[in-house]
S.K.: 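One structure is given below, represented as structure tokens, and several questions about it will come after.
Below, read A as the first sequence line, B as the second, and so on, with proteins coming before strands; counting in each chain starts at 1.
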There are 2 protein chains.
Amino acid sequence: MKRVSVTIKEIAKALDVSKSTVSRALRDSSEISSETRRKVMELAEKLNYYPNPIAISLLKNRTQTIGVIVPDIANRFYSSAIGGVEDIAYSRGYHTMIYQSHELLERELSASRHIASRRVDGLVVAISSQSENIDHFVALQEQGIPVVFFDRVSDAMQTHKVRVDDYKGAFEATEHLIQRGCRRIAHIAGPEKVSITRFRLEGYKDALRKHGIAFQEEWVRHSEITQAGGTERTYQLMALRERPDAIFGASDRITMGVHWALRQLGYKMPDDVAVIGFCDLAMSSLLDPPVSSVTQPSFEMGQQATSLLLDLIESKSTPAEYETRVLRSNLVINKSSLREIVGS
Amino acid sequence: MKRVSVTIKEIAKALDVSKSTVSRALRDSSEISSETRRKVMELAEKLNYYPNPIAISLLKNRTQTIGVIVPDIANRFYSSAIGGVEDIAYSRGYHTMIYQSHELLERELSASRHIASRRVDGLVVAISSQSENIDHFVALQEQGIPVVFFDRVSDAMQTHKVRVDDYKGAFEATEHLIQRGCRRIAHIAGPEKVSITRFRLEGYKDALRKHGIAFQEEWVRHSEITQAGGTERTYQLMALRERPDAIFGASDRITMGVHWALRQLGYKMPDDVAVIGFCDLAMSSLLDPPVSSVTQPSFEMGQQATSLLLDLIESKSTPAEYETRVLRSNLVINKSSLREIVGS
DNA sequence: CTGAAAGCGCTTACAG
DNA sequence: CTGAAAGCGCTTACAG
């Protein structure tokens, strides 16, 4: 199909002035007669003229568009973060292009290539769990396209980062379970290479240590961020000779799997097994029993990452130093972890 | 920050040939000596040269990018459909830009404007519930940017459409409830103006009629596609003097609200109230009891809409006639509607 | 206040 | 096989 649009040239010809004059009139330059401006504006309006942003991009080498890469847009944590990105981008006059990596390095590479070649002005990313190597993001940065990380960050690159206090969130969740009388607390962690997995695991371990509970390797299982992963690990855990009396899941998907598996197996929550998750469980209240969870300010993370990014884009120079913002998580207690406290 | 990239000009200068020659060598034109081609390719490789797609877009008036507008990417139905869009687009060499309307006409207008001005090659849309007027899509089409509708379609515009057999899905769901002995079947429908709402409502009514059950206005409630909407309508329905013995929800979000409200109110599913939803409830099995539902091939809808769109984009002329594809929905029975059948 | 000219990065008839 | 030139739609010093 053929595309039709009005150009500056046609307006110039119709009004018998030069393209330069039309351009100036449209951009409201000061050095133009109000009479000319009026005529140009009127005709532009009438012809429904819009400047071709592609031409402007070619000229300015700027597109007023930023990219976002997340593992999976269907994940509420990420879709909410994208909401935050759009919020800030929109209000500062930028558009947003959304990419999903599906946790695949290959897709992340393809998105990076698209971003580089389409001259997107900057990028907000939560790194795919499969991406141990992040040279593609370093390359973007060197090419002058700033990159800001959120949620899943990496030490392998100097830039702004926004994350949640995973360590503390995990520590508090674990301590809460201990306070409710649990002693055999299992942790279904995320993929091993991911930054947040390590932070959460540390928080879990340190809470055990603080309360004099021995850490047991077999009670920690790594899993993909899927319901199936949570289910399978729960089966493994409950099959152990010494079975856990609590399970702390590293994400909402995983925790949904835990919940499902425990129900299948006929365990009561919280009495047989107390359960707590990690993420913003909007749907947590739908489950029976409703699930306790460490909630994260996902929308705000998107906002902050974007605002840091736009600052980078709009500043002429590389900042003296990069910033890592650590936001607070929040412990929301529900029935799934609310055991009767027995004894001491 | 400043952007650096290699251009054709620099390659030409380094090799002491013309830009034309470099361009031809890169595009592997036939009229070029293999020696020159080799030299150019080598240097391009070494300098990490990529053609500037913005320049090419300006030239060809094509961007190899399509847009998708959905009400809400966090909704599984839409995120899955987007997966289908990406699948086809990717395999045919196109990129995808995702927009959310958040069910707001204003956001839909802003996305349409961006699409028009960025010269996106085409658009796949599920119309926002707030958009009674779709002139903005007609305008895109007239401007030469083809638009294909899926899920939420409109009669106000001639184009390809892909939808599910909502009428039949609703008919079967309602009939199933009747067969399980329900007689006072309520329907929480979607927003009034939306096409699928009407089709589903018709299916519901016709199933009642077929089985000689009188239709009652007060048992149909319109709601937004939210959990809160489903909850509130359920309260209203259960407060009626003659309360329903079954509720058929028009979407998964709504049905989640129904489920929650019934649990809060202490009704047993399916014995007090049988429940059935409409959408691909991946999470349906997580609820207790698991929810029956009319499932839709969302991924496939995205694929088909995109493949129709790309055909439009790549054909030179307007097609003789537009096509409306109606896909099959599927009834998945779970405990929430599985009542004991009493008597005949 | 207005216009002619150059240029953003590329492609492609048109000559040779 | 190669180069010079025009052009995609726009902006902006540079002259006047």
S.K.: Please give, in whole Å, the distance from D/dC1 P to B/Asp16 CG?
M.R.: 20 Å
S.K.: After noting the C-alpha distance and the side-chain angles of A/Tyr99 and A/His114, does the key distance pass the ring-ring contact (aromatic ring centres under 6.0 Å, His included) rule?
M.R.: CA-CA 10 Å; A/Tyr99 302 81; A/His114 192 233; 5.7 Å; yes
S.K.: Write down the partner of D/dA4 under the Watson-Crick or G-U wobble criteria, each distance required to be under 3.5 Å.
M.R.: none
S.K.: When you measure from the side chain of A/Leu59, which nucleotide among D/dG3, D/dC8, C/dC8 comes out closest?
M.R.: C/dC8
S.K.: Roughly, in whole Å, what's the span from NZ in B/Lys19 to C1' in D/dA6?
M.R.: 11 Å
S.K.: Considering only heavy atoms and no angle criterion, is a donor-acceptor pair shorter than 3.5 Å present between the side chain of A/Arg119 and the base of C/dG9?
M.R.: no
S.K.: Please check the phosphate of D/dC10 (OP1 and OP2 only) for any side-chain N or O of A/Tyr50 closer than 4.0 Å.
M.R.: no
S.K.: Please state whether the phosphate of D/dC8, meaning OP1 or OP2, lies under 4.0 angstrom from any side-chain nitrogen or oxygen of B/Ser57.
M.R.: no
S.K.: Can you name the nearest heavy-atom pair linking A/Ser129 to A/Glu103, along with the distance?
M.R.: N-OE1, 2.7 Å
S.K.: Do B/Leu43 and B/Val22 come close enough that some side-chain heavy atom pair is under 4.5 Å?
M.R.: no
S.K.: Return the nearest nucleotide to the side chain of B/Lys60; candidates are C/dT12, D/dC8, D/dA4.
M.R.: C/dT12
S.K.: Ignoring backbone atoms, test whether B/Thr21 places a side-chain nitrogen or oxygen under 4.0 Å from the OP1 or OP2 oxygen of D/dG3.
M.R.: yes
S.K.: Please tell me if A/Ser18 has a side-chain N or O lying less than 4.0 Å from either OP1 or OP2 of C/dG3.
M.R.: yes
S.K.: Over how many whole Å does the gap from A/Glu35 atom CD to C/dC1 atom P extend?
M.R.: 12 Å
S.K.: Taking D/dT12 as the reference, what is the distance to D/dG16 when you measure between their C1' atoms (whole Å, please)?
M.R.: 16 Å
S.K.: Are A/Lys39 and A/Glu42 close enough for a salt bridge, meaning some N to O gap below 4.0 Å?
M.R.: no
S.K.: Could you check whether B/Arg92 pairs with B/Asp311 (Lys NZ or Arg NE/NH1/NH2 to Asp/Glu carboxylate O, under 4.0 Å)?
M.R.: yes
S.K.: Rounded to whole Å, please give me the gap between NZ in B/Lys13 and C1' in C/dG9.
M.R.: 15 Å
S.K.: So which nucleotide from C/dG3, C/dT12, C/dC8 ends up closest to the side chain of B/Lys9?
M.R.: C/dC8
S.K.: Write down the distance between CG (A/Leu58) and P (C/dC10), rounded to a whole number of angstrom.
M.R.: 9 Å
S.K.: Looking only at the side chain of A/Asn52 (C-beta and beyond, no hydrogens), which of the listed nucleotides D/dT11, D/dG3, D/dG9 gets closest?
M.R.: D/dG9
S.K.: With heavy-atom distances below 4.5 Å as the criterion, would you say the side chains of B/Met301 and B/Phe77 are in contact?
M.R.: yes
S.K.: Looking only at the side chain of A/Ala55 (C-beta and beyond, no hydrogens), which of the listed nucleotides D/dC10, C/dT2, C/dG9 gets closest?
M.R.: D/dC10
S.K.: Using both distances under 3.5 Å as the test, list the Watson-Crick or G-U wobble partner of D/dA13, or none.
M.R.: none
S.K.: Output the rounded distance in Å from CD1 (B/Ile54) to C1' (C/dC8).
M.R.: 10 Å
S.K.: Of the candidate nucleotides D/dT11, C/dC10, D/dA4, which contains the atom at the shortest distance from the side chain of B/Thr7?
M.R.: C/dC10
S.K.: Just to confirm, is there a sub-4.0 Å distance from OP1 or OP2 of D/dT11 to any side-chain nitrogen or oxygen of A/Ser23?
M.R.: yes
S.K.: Work out how far the P atom of D/dG7 is from that of C/dA4, and round it to whole angstrom.
M.R.: 16 Å
S.K.: Provide, to the nearest angstrom, the distance between the CG atom belonging to B/Asn61 and the C1' atom belonging to D/dC10.
M.R.: 14 Å
S.K.: Please state how far atom CG in A/Leu26 lies from atom P in C/dT2, giving the value in whole angstrom units.
M.R.: 13 Å
